Asker: 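This structure is in structure tokens; I'll ask about it shortly.
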Amino acid sequence: MPELPEVETARRQLHEELVGQLIVKADALDLKMLVGGNTDEFSSRLEGRRIVGTDRHGKHLFLLLDHGTLRIHLGMNGSLHLFRCGEETRHQRLVLDLDHVRVIFDNPRRFGRFQVVENVMTFVSQKGLGPDALSIGEEEFLHRVGGRRKAIKAVLLDQKVVAGIGNLYADEVLFQERLAPVALASRIPKDRLIGTWSRMREVLGTAINAGTDFERFPDDYLLRQRDRGGPCPRCGHELRSAKVGGRTTIYCPFCLSI
DNA sequence: GAGTATGTTATATG
DNA sequence: GCATATAACATACT
């Protein structure tokens, strides 16, 4: 479930529950997912540390410690769970036992990653991530997105351009802006790019406010229909599916205005 | 068995 | 350097 809104929702929950607590035990159960791969070193870097805050950049979640920072990426289907009584989950890959709660990073497909990093800024710049989708300003968005000779959807998905948009929300943003996912970014008029920037903020904000529960999204949102192959929520025509930038893309050809 | 999947990265090709 | 396409990663589900 993890694109920017899901990660932000998880971050808010963790922030409420975890800040101030001490990490008593840290268990990396999957070597492939632990960047660096040294379980003992990982544990010793975490155990005895206190969680002093949380942060997020794009789809990356950070637990800020009194020394160091734990980075978590949920991959394709990762999720975080809080328990009080030492429960376990089917695909647990990382277990943190704190003073009063157990945090489990569950990830069936094991595309997720976690590691201890120095701090958020250093990680983001080393990784070459673009600005966070909710922080990027209009000017910088125009500058980074416009001019790319690539499908607008592929540009939005590129974490080095803007961080946080995934396949589902890319479709939603473009649907709301009535822009063809295959439109070359470099050929999109400036006002439509500004519209895209604005829709991006709107869609992500709406998703976060709805707790990322698609059922609670506005009626004209594509995400409510996406899985069911139903009609366009705006015009009723059949939605169409295509591959753009290698990803399944759902759009309504009748609603486009370009 | 085939096809698909909310992500990222490496590799090959033009 | 830029852009595109593809496979790979690992697992679950239809």
Side-chain angles (χ1 to χ4, degrees), chain A residues 1-11 29-37 56-61 71-80 89-94 105-115 117 123-124 126-130 132-133 143-175 181-188 200 203-204 206-208 210-217 221-229 239-251:
Chain A
M1 328 152 127
E3 295 185 36
L4 187 151
E6 288 80 9
V7 177
E8 176 60 15
T9 301
R11 186 196 66 77
L29 277 41
D30 191 315
L31 276 182
K32 286 216 161 186
M33 294 175 54
L34 170 59
V35 179
R56 181 192 58 71
H57 189 100
K59 304 170 191 172
H60 299 263
L61 175 66
R71 172 184 79 94
I72 296 177
H73 189 291
L74 269 27
M76 200 92 136
N77 63 351
S79 53
L80 292 163
T89 66
R90 181 138 156 64
H91 305 288
Q92 54 188 22
R93 311 300 183 193
L94 169 63
F105 175 17
D106 185 276
N107 188 199
R109 284 173 70 184
R110 302 169 68 199
F111 283 177
R113 293 290 181 268
F114 53 87
Q115 73 181 130
V117 298
F123 172 77
V124 167
Q126 276 179 2
K127 196 85 174 170
L129 293 177
D132 185 81
H143 182 252
R144 299 184 75 101
V145 173
R148 306 241 167 193
R149 283 186 287 279
K150 206 158 62 155
I152 180 67
K153 175 167 177 180
V155 176
L156 293 180
L157 285 176
D158 187 342
Q159 303 299 301
K160 294 184 174 173
V161 176
V162 188
I165 311 284
N167 196 35
L168 266 43
Y169 285 98
D171 280 1
E172 186 68 67
V173 169
L174 295 173
F175 178 77
V182 291
L184 292 190
S186 55
R187 298 188 50 187
I188 296 174
M200 175 178 78
V203 166
L204 296 176
T206 299
I208 291 169
T212 71
D213 177 359
F214 292 175
E215 300 298 319
R216 290 173 55 200
F217 286 10
Y221 265 42
L222 178 67
L223 283 173
R224 301 187 56 145
Q225 282 300 325
R226 192 190 159 97
D227 284 342
R228 309 175 186 170
L239 290 171
R240 204 161 292 180
S241 164
K243 290 272 183 199
V244 179
R247 311 297 302 278
T248 297
T249 300
I250 308 291
Y251 66 104

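Just so it is clear, the model here is predicted, and its values are computed rather than measured. Letters A, B, ... are given to chains in the order of the sequence lines, protein chains preceding strands, and every chain is numbered from 1.
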Asker: Which residues pass the side-chain hydrogen bond (donor to acceptor under 3.5 Å, both in side chains) test with A:Arg113, sequence neighbours left out?
Answerer: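 None.
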Asker: Would you say A:Leu222 and A:Leu239 make side-chain contact, with heavy atoms under 4.5 Å?
Answerer: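 When only atoms from C-beta onward are counted, A:Leu239 and A:Leu222 do touch, with a gap below 4.5 Å.
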Asker: Scan for salt bridge (Lys or Arg N to Asp or Glu O under 4.0 Å) pairs involving residues 239-250 of chain A, sequence neighbours excluded, and state none if there are none.
Answerer: none
Asker: Is there a side-chain polar atom (N or O) of A:Lys59 under 4.0 Å from OP1 or OP2 of B:dG7?
Answerer: yes
Asker: Who are the side chain to side chain contact (heavy atoms under 4.5 Å, CB included) partners of A:Ala210, not counting sequence neighbours?
Answerer: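 In terms of side chain to side chain contact (heavy atoms under 4.5 Å, CB included), with neighbours along the sequence ignored, A:Ala210 is linked to A:Arg216, A:Phe217.
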Asker: How long is the line joining CD of A:Glu172 and C1' of B:dT6, in whole Å?
Answerer: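 The answer, rounded to whole Å, is 13 Å.
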Asker: Atom CG of A:Asn167 and atom P of B:dA5: how far apart are they, to the nearest Å?
Answerer: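 Going from CG in A:Asn167 over to P in B:dA5 covers 8 Å.
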Asker: Quick check on B:dA5: is either OP1 or OP2 less than 4.0 Å from any side-chain nitrogen or oxygen of A:Thr248?
Answerer: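 Indeed, a polar side-chain atom of A:Thr248 lies that close.
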Asker: If you apply the rule side chain to side chain contact (heavy atoms under 4.5 Å, CB included), what do you find for A:Leu4 with A:Arg56, and how did you get there?
Answerer: CA-CA 9 Å; A:Leu4 187 151; A:Arg56 181 192 58 71; 3.3 Å; yes
Asker: Partners of A:Arg148 by side chain to side chain contact (heavy atoms under 4.5 Å, CB included), sequence neighbours excluded?
Answerer: A:Val155, A:Val161, A:Ala185
Asker: Does the side chain of A:Arg247 get closer than 4.0 angstrom to OP1 or OP2 of B:dT6 through an N or O atom?
Answerer: yes
Asker: Rounding to an integer number of angstrom, what distance separates B:dG3 and C:dT6 when you compare their P atoms?
Answerer: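 So the two P atoms sit 15 Å from each other.
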Asker: When rounded to the nearest 0.5 angstrom, what distance separates OH in A:Tyr251 from OG in A:Ser241?
Answerer: 8.0 Å
Asker: Which value, rounded to the nearest 0.5 Å, describes the distance between A:Glu172 atom CD and A:Ile165 atom CD1?
Answerer: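 So the CD of A:Glu172 and the CD1 of A:Ile165 are separated by 11.0 Å.
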Asker: Could you list all N or O pairs between the protein and nucleotides 10-12 of chain C that sit under 3.5 Å apart?
Answerer:
from, atom 1, to, atom 2, distance (Å)
C:dA10, OP1, A:Lys32, NZ, 2.3
C:dA10, O4', A:Arg109, O, 3.2
C:dA10, O3', A:Arg110, NH1, 3.1
C:dA10, N1, A:Arg109, NE, 3.0
C:dA10, N1, A:Arg109, NH2, 2.7
C:dA10, N3, A:Arg109, NE, 3.3
C:dT11, OP1, A:Arg110, NH1, 2.8
C:dA12, OP1, A:His91, NE2, 3.1

Asker: If I pick the P atom on B:dT11 and the same atom on C:dA10, what distance separates them, to the nearest angstrom?
Answerer: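 Between the two P atoms, the distance is 16 Å.
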Asker: Is the phosphate of B:dG7 approached by A:Gln159 (side-chain N or O, under 4.0 Å from OP1 or OP2)?
Answerer: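 Indeed not, no polar side-chain atom of A:Gln159 lies that close.
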Asker: May I have the distance from A:Gln225 (atom CD) to B:dT6 (atom C1'), rounded to whole angstrom?
Answerer: 18 Å
Asker: Is the shortest side-chain heavy-atom distance between A:Phe114 and A:Asn107 below 4.5 Å?
Answerer: no
Asker: Only counting residues at least two apart or in another chain, list the ones meeting side chain to side chain contact (heavy atoms under 4.5 Å, CB included) with A:Gln92.
Answerer: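 Expected list: A:Leu29, A:Glu88, A:Thr89, A:Val95, A:Ile104.
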Asker: Go through the structure and list residues passing side-chain hydrogen bond (donor to acceptor under 3.5 Å, both in side chains) with A:Tyr169, not counting sequence neighbours.
Answerer: A:Glu6
Asker: Produce a footprint string for nucleotides 9-14 of chain B: one letter per nucleotide, 5' end first; B if the base is under 4.0 Å from any protein heavy atom, S if only the sugar-phosphate is, - if neither.
Answerer: S-----
Asker: Sequence neighbours excluded, which residues qualify as side chain to side chain contact (heavy atoms under 4.5 Å, CB included) partners of A:Arg109?
Answerer: A:Met76, A:Asn77, A:Phe111
Asker: When Watson-Crick pairs (N1 to N3 and N6-O4 or O6-N4) and G-U wobble pairs (N1-O2 and O6-N3) count only below 3.5 Å on both distances, what is the dot-bracket string of DNA chain C, with | for other-strand pairs?
Answerer: .||||||||.||||
Asker: Determine the interatomic distance between C1' on C:dA3 and the same-named atom on B:dT6; round to the nearest Å.
Answerer: 25 Å
Asker: Atom CE of A:Met76 to atom P of B:dA5: distance rounded to whole Å?
Answerer: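 Taking atom P of B:dA5 as the reference, CE of A:Met76 is at 8 Å.
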Asker: So, does A:Gln159 use its side chain to make a donor-acceptor pair with the main chain of A:Gly58 at under 3.5 Å?
Answerer: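 No, the answer is negative, given that no donor and acceptor are paired below the 3.5 Å cut-off.
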Asker: Any side-chain hydrogen bond (donor to acceptor under 3.5 Å, both in side chains) involving residues 149-158 of chain A? Give me the pairs, sequence neighbours left out, ordered by first then second residue.
Answerer: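 Every pair satisfying side-chain hydrogen bond (donor to acceptor under 3.5 Å, both in side chains) with a residue in residues 149-158 of chain A: A:Lys153-A:Asn167, A:Lys153-A:Asp171, A:Lys153-A:Thr249.
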Asker: Please write out each protein N/O paired with an N/O of nucleotides 1-5 of chain C under 3.5 Å, distance rounded to 0.1 Å.
Answerer:
from, atom 1, to, atom 2, distance (Å)
C:dA3, OP1, A:Arg149, N, 2.8
C:dA3, O3', A:Arg149, O, 3.1

